[in-house]
> 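Shown below is the structure under consideration.
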Amino acid sequence: QEQLVESGGGLVQAGGSLRLSCAASGRTFSSRTMGWFRQAPGKEREFVAAINWRSTDTYYAPALRGRFTISRDSAKNTVYLQMNSLKPEDTAVYYCAADQIAFRLAHQLKEGEVGPWGQGTQVTVSS
């Protein structure tokens with residue numbers, strides 16, 4: 001059974017950092033672009049960042065570029081999201097997901113074309 005499990009969320013003060021992890025099991029996603037999305041209370045889920053299968057291409061939501069960094073360790077079947085200079089508006093549940101189509105570029109990742117999803121990890125940034 002394919003499964004993605006996020007971890008690393010928590011409560012942090014504004015200006016702090018967190019590193020989220022997404023561990024895949026049940027199959028290897030080494031040929032798939034992986035992405036992070038987030039959903040704040042009362043808002044639609046939004047794209048955060050993506051990384052292609054070879055880690056040669058990354059893509060970020062424009063407002064987050066420079067503060068967030070996505071990476072992956074294919075040997076560990078794990079994707080990471082390093083979040084720096086966190087702001088209260090970064091408060092959300094963060095989800096990772098796998099592209100359903102293999103060998104695409106990072107910017108080609110679309111919310112309607114990903115699966116499976118992880119269960120999410122809560123990130124809360126206090127002011």
> Is a side-chain N or O of T121 found less than 3.5 angstrom from the main chain of G9, in a donor-acceptor match?
yes
> Between Q100 and G115, what is the shortest heavy-atom contact and its length?
CG-N, 3.7 Å
> With a 4.5 Å heavy-atom cut-off, do E46 and R38 have their side chains touching?
yes
> Which heavy atom in S126 sits nearest to a heavy atom in L11, and how many Å separate them?
CB-CD1, 4.3 Å
> What pairs meet the salt bridge (charged side-chain N to carboxylate O under 4.0 Å, His left out) rule with one or both residues in residues 113-127, with sequence neighbours excluded?
R104-E113
> Which pairs with one or both residues in residues 48-69 pass salt bridge (charged side-chain N to carboxylate O under 4.0 Å, His left out), sequence neighbours excluded?
R67-D90
> Among all residues two or more places apart in sequence or in another chain, which pass the side chain to side chain donor-acceptor pair (under 3.5 Å) test with T56?
N52
> First locate atom CZ of R72, then atom CZ of R32, and finally report the distance between them rounded to the nearest 0.5 Å.
10.5 Å
> Treating T91 as the side-chain partner and E89 as the backbone partner, does any N or O pair qualify as donor plus acceptor under 3.5 Å?
no
> Any side-chain heavy atom of S71 within less than 4.5 Å of one from Q82?
no
> Locate the shortest heavy-atom distance separating Q122 from A92; write the atom from each residue and the value.
NE2-O, 3.5 Å
> Please go through W53's hydrophobic cluster and name the other residues, only I, L, V, M, F, W, Y counting, with side-chain heavy atoms under 4.5 Å joining them.
F103
> Mind checking who shares a hydrophobic cluster with I70, ILVMFWY linked at side-chain heavy-atom distances under 4.5 Å?
L4, V12, L18, L20, F29, M34, W36, V48, I51, Y60, L64, F68, V79, L81, M83, L86, Y94, V123, V125
> Who passes side-chain contact (heavy atoms from CB on, under 4.5 Å) against S25, sequence neighbours left out?
Q3
> Checking S17 against N84: is there a side-chain donor and acceptor pair closer than 3.5 Å?
yes
> Apply the test side chain to side chain contact (heavy atoms under 4.5 Å, CB included) to residues E6 and Q119: give CA-CA distance (whole Å), side-chain angles for both, the deciding distance (0.1 Å), then the verdict.
CA-CA 7 Å; E6 300 95 335; Q119 84 290 345; 2.9 Å; yes
> If you take all heavy atoms of A14 and S127, which pair is closest and at what distance?
CB-CA, 4.3 Å
> If two hydrophobic side chains count as joined below 4.5 Å and joins carry through other members, does Y80 share a cluster with Y59?
no
> Quick one: pull up CZ in F47 and CD in E111 and give me the separation to the nearest 0.5 Å.
10.5 Å
> When clusters are formed by joining ILVMFWY residues with side-chain heavy atoms under 4.5 Å apart, either directly or through shared neighbours, do W117 and V5 land in the same one?
no
